[in-house]
There are 2 protein chains.
Amino acid sequence: MQGQETSIEAVKNYLNQKGINPSYQRLRIFELLSSGKNHPTADLIYNTLIREIPTLSKTTVYNTLNLFQKRGIVTGLTIDENEVRYEANTKPHAHFKCTSCGAIIDMPIDCPYLAEKFVDGNKVTERHLYLKGICSACMKMYGMTGQ
Amino acid sequence: MQGQETSIEAVKNYLNQKGINPSYQRLRIFELLSSGKNHPTADLIYNTLIREIPTLSKTTVYNTLNLFQKRGIVTGLTIDENEVRYEANTKPHAHFKCTSCGAIIDMPIDCPYLAEKFVDGNKVTERHLYLKGICSACMKMYGMTGQ
DNA sequence: TTCTCTGCAAACGCTTTGCACGGAT
DNA sequence: ATCCGTGCAAAGCGTTTGCAGAGAA
């Protein structure tokens with residue numbers, strides 16, 4: 001329990017530091033985003049937290065996610081059309097979506113081209129790299145060989 | 001006029017070859033996608049063509065775009081949440097969206113990392129690279145220096 | 001009290017679905 | 001006559017907005 005409490009405390013401090021009033025709902029939503037690596041949708045966040053916060057509304061989830069995005073501590077990913085997924089900001093990385101199991105995996109970006117500040121005379125401030133294919137776990141399951 | 005007719009003929013042949021019955025609406029929609037470099041939304045396609053095809057319906061635009069995507073001759077881009085843009089498939093390239101003027105510009109992908117067939121043991125079949133920033137035209141307008 | 005956060009209900013906008021008409025074979 | 005494409009109208013679904021009540025300062 002101690003571990004959880006210090007985690008909650010850390011989140012609280014972080015939100016305060018970003019000028020965000022750390023309400024209970026906001027704490028729990030940010031904690032969910034920063035702990036798990038599941039890149040949840042708004043709907044998944046709602047359905048996960050509603051078990052422990054029975055009064056939670058989707059409006060609050062959306063309000064909170066939009067606030068987090070405005071404050072720059074959370075990013076919305078639209079790897080596939082028609083579903084936005086969210087993640088807490090960490091270091092730059094690419095996303096890999098397995099078309100077989102649907103998993104979304106963080107990947108390193110190992111490419112000097114993607115560090116360029118200018119490309120073709122255009123000033124680059126944001127980079128989003130999405131890969132799709134079959135993840136190693138699915139390949140094993142189907143008896144395919146990796147590499 | 002000759003040029004346009006041969007262009008229409010070329011599109012007709014292409015669609016036939018892909019197993020798509022080249023109806024007038026489909027022809028015009030594909031022509032729009034393959035000629036212009038504007039990466040239009042479904043709505044923009046509708047509003048562009050309605051001038052010349054007054055009976056056109058949005059349903060047909062959506063039907064057609066979905067058909068094209070299923071046949072693999074058109075790709076839907078979701079550079080920004082909540083708007084899907086379409087482009088005819090050509091060679092792999094990145095997209096740059098200017099946050100100032102909203103223009104979407106095709107860019108070369110100059111990066112061996114993005115040609116890798118496997119990354120971290122995952123088999124990569126699709127790559128989507130979106131950059132955002134200020135395009136060279138806007139930088140000139142605001143008196144910023146490129147490079 | 002005042003200000004902010006929450007959450008219900010309704011509105012919104014894009015996309016899909018149901019279905020009937022019309023054209024082509 | 002059959003099949004396929006079209007397009008109207010309605011439904012669907014994720015997200016936002018309006019607003020009133022609860023809670024903190």
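Labels below follow one simple rule: chain letters A, B, ... track the order of the sequence lines, proteins then strands, and each chain is numbered from 1.
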What's the [atom1]-[atom2] distance between [X] and [N], to the nearest Å?
{"X": "B/Ile53", "N": "D/dT6", "atom1": "CD1", "atom2": "P", "result": "10 Å"}
{"X": "B/Leu65", "N": "D/dT6", "atom1": "CG", "atom2": "C1'", "result": "15 Å"}
{"X": "A/Glu81", "N": "D/dG14", "atom1": "CD", "atom2": "C1'", "result": "15 Å"}
{"X": "A/Leu15", "N": "C/dT4", "atom1": "CG", "atom2": "P", "result": "18 Å"}
{"X": "A/Ile50", "N": "C/dG7", "atom1": "CD1", "atom2": "P", "result": "8 Å"}
{"X": "B/Tyr62", "N": "C/dG13", "atom1": "OH", "atom2": "C1'", "result": "9 Å"}
{"X": "B/Asn63", "N": "C/dT17", "atom1": "CG", "atom2": "C1'", "result": "10 Å"}
{"X": "B/Arg26", "N": "D/dT6", "atom1": "CZ", "atom2": "C1'", "result": "9 Å"}

Name the nucleic acid region contacted by [X], choosing base, sugar-phosphate or nothing; use a 4.0 angstrom heavy-atom cut-off, strictly under.
{"X": "A/Asn66", "answer": "sugar-phosphate"}
{"X": "B/Asn21", "answer": "sugar-phosphate"}
{"X": "A/Gln25", "answer": "sugar-phosphate"}

B/Phe30/B/Tyr14 under side-chain contact (heavy atoms from CB on, under 4.5 Å): CA gap, chis, key distance, verdict: CA-CA 10 Å; B/Phe30 189 77; B/Tyr14 182 72; 3.5 Å; yes

Parallel, tilted or perpendicular, as decided by the 30° and 60° cut-offs, for the rings of B/His128 and B/Tyr130: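 Ring orientation of B/Tyr130 relative to B/His128: tilted.
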
Residues B/Asp43 and B/Lys58 bridged, charged N to O under 4.0 Å: yes

Same apolar cluster: A/Leu33 and A/Leu49, side chain cutoff 4.5 Å: yes

Hphob cluster co-occupancy, B/Ile29 + B/Val74, side-chain heavy atoms under 4.5 angstrom: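 Yes, one cluster joins them.
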
Using a cut-off of less than 4.0 Å, is there contact between a side-chain N or O of [X] and OP1 or OP2 of [N]?
{"X": "B/Thr55", "N": "D/dG7", "value": "yes"}
{"X": "A/Asn82", "N": "C/dT15", "value": "no"}
{"X": "B/Thr60", "N": "D/dG7", "value": "yes"}

Along DNA chain D (nearest heavy atom to each residue), the more 5'-positioned of B/Leu67 and A/Ala42: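 Whichever sits nearer the 5' end wins; that is B/Leu67.
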
Side-chain donor-acceptor pairs of residues 107-115 of chain A under 3.5 Å, sequence neighbours excluded:
residue, atom, partner, partner atom, Å
A/Tyr113, OH, B/Pro108, O, 2.5

Residue A/Val84, side-chain heavy atoms: nucleotide from D/dT15, D/dG7, C/dG7 that is nearest: D/dT15

When you compare the protein's N or O atoms with those of nucleotides 9-13 of chain D, which come within less than 3.5 Å of each other, and at what distance?
residue, atom, partner, partner atom, Å
D/dA9, N6, B/Thr59, OG1, 3.4

Residues clustering with A/Tyr62 (ILVMFWY side chains joined when closer than 4.5 Å, directly or via others):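 Via sub-4.5 Å side-chain contacts, A/Tyr62 links to none.
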
